[in-house]
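In what follows, a structure is listed as structure tokens, so that the remarks can point back to it.
To find a chain, count down the sequence lines: A is the first, B the second, and so on, and within it residues start at 1. Source: prediction; values computed, not measured.
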2 protein chains.
Amino acid sequence: MFSIGDLSRRTGVKVPTIRYYEQMGLVAAPERSEGNQRRYSRQELERLAFIRHARDLGFAVDDIRSLIDLSGHPEQPCGHADKIAEEQLISVREKIAQLKRLEAELERIATCCNGQTVGDCYVIRALSDHALCADEHG
Amino acid sequence: MFSIGDLSRRTGVKVPTIRYYEQMGLVAAPERSEGNQRRYSRQELERLAFIRHARDLGFAVDDIRSLIDLSGHPEQPCGHADKIAEEQLISVREKIAQLKRLEAELERIATCCNGQTVGDCYVIRALSDHALCADEHG
DNA sequence: TATAATTGCTCTAGTCACTAGAGCTTCAAG
DNA sequence: CTTGAAGCTCTAGTGACTAGAGCAATTATA
């Protein structure tokens, strides 16, 4: 049996976050000690590790809920789980592409400032005048 | 003079967001018409375009506030503006690196599922067992 | 000019995924 | 048996908006 602090140390999920997940129904409410403190089993530790891992990978809490539901039905086809993972992959790739455009733009902005005062600072001018942008972003 | 809707169309910032920016003190409260509707000048249009541009580039609202303050003092040295832009560039690069790790992990997860049922689905197993990960993430 | 459609107003509350703090109780070590 | 860490519940705050209710003003059309 683990206390909530044990669980936190073993999974890297912060204590208030574990309680929040319980409130959201992502993890079930565990047994309690005589003094009303949460006591977790190994199974609950594993579920929390699953959640932590999925969150690290950027899955939304709703997606995680679906994945947990699916893992409770091991006899069903896994197309849905695949779909969730693939959509997540697409969204990650889109974010990377978007951030690369920002990187290029910021590189230009942050490295071109040779002015001595704000009045002719490239950072400020570039933000004021979209026309100074090499290409579209946002 | 522009109505709030004009401003929205010209800058791409949604109407409620403009009002929210006013509440946050990012844009000043403008003149009002006889019937209490907001009426903006060209200067205010430009400031909002500046904000929009900076938000597109991922600057936090607090950073934008600093940049606006700076642009109101064109005689001062621009080191601070440079610093904000450079920090933003670093943070964007970190996000890209992080997302690339996620991409690699998700690729492995999403493309390796040859099982027919959830029971042996790679997506579910990979999330359950961090040991299946090729390298660290998160 | 009358009316209808659109746009605008304020205000409250909701989103997501937590995080912080107050004020109290229980637990484990010495 | 005491002390200090860890736990409890509850409310409220974060960032950057977004949604909706219930009105008022403006603009376009007949």
Given side chains that start at C-beta, do those of [X] and [Y] come closer than 4.5 Å, heavy atoms only?
X	Y	answer
R55(A)	V13(A)	no
R10(A)	L45(A)	yes
S8(B)	V15(B)	yes

5'-most contact on DNA chain D: R32(A) or T17(B), nearest heavy atom basis?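 Looking at DNA chain D, the more 5' nearest nucleotide goes with R32(A).
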Sugar-phosphate only, base, or nothing, as touched by R19(B) at under 4.0 Å among non-hydrogen atoms: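 Answer is base: heavy atoms of R19(B) come under 4.0 Å of a base.
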Is R9(A) touching bases, backbone alone, or none of the nucleic acid, heavy atoms closer than 4.0 Å?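 Touches nothing.
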Would you give me the side-chain donor-acceptor pairs under 3.5 Å for residues 16-32 of chain A, sequence neighbours excluded?
| residue | atom | partner | partner atom | Å |
| --- | --- | --- | --- | --- |
| E22(A) | OE1 | R38(A) | NE | 2.7 |
| R32(A) | NH1 | N36(A) | O | 2.9 |

Separation of atom [atom1] in [X] from atom [atom2] in [N], rounded to whole Å:
X	N	atom1	atom2	value
E22(A)	dC10(D)	CD	P	12 Å
Y20(B)	dT12(C)	OH	P	17 Å
R52(B)	dC17(D)	CZ	P	9 Å
L26(A)	dC16(C)	CG	C1'	13 Å
I64(A)	dC18(C)	CD1	P	8 Å
I51(B)	dA16(D)	CD1	P	12 Å
M1(B)	dT27(D)	CE	P	14 Å
M24(B)	dC17(D)	CE	C1'	10 Å

Identify all pairs in which a protein N or O lies below 3.5 Å from an N or O of nucleotides 23-29 of chain C, and state each distance.
| residue | atom | partner | partner atom | Å |
| --- | --- | --- | --- | --- |
| dC27(C) | OP1 | S33(A) | OG | 3.1 |
| dC27(C) | OP1 | G35(A) | N | 3.1 |

Can you check whether [X] has a side-chain N or O nearer than 4.0 Å to OP1 or OP2 of [N]?
X	N	result
R38(B)	dG8(C)	no
R55(B)	dC17(D)	yes
Y21(A)	dC18(C)	yes
K14(A)	dT19(C)	yes

Report the distance from atom CD1 of I51(A) to atom OG1 of T11(A), rounding to the nearest 0.5 Å.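 Result: 9.5 Å between the selected atoms.
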Using 4.0 Å as the upper bound for N to carboxylate O, is an ion pair formed by R39(B) and E44(B)?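 Result for this pair is no, no salt bridge flagged.
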Of the non-hydrogen atoms in L67(A) and F50(A), which two are nearest, and what is the gap between them?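 Answer, listing the atom of L67(A) first, then F50(A): CB-CZ, 4.0 Å.
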Which is more 5' along DNA chain C, the nucleotide nearest D62(A) or the one nearest G5(B)? Just name the residue.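 Looking at DNA chain C, the more 5' nearest nucleotide goes with G5(B).
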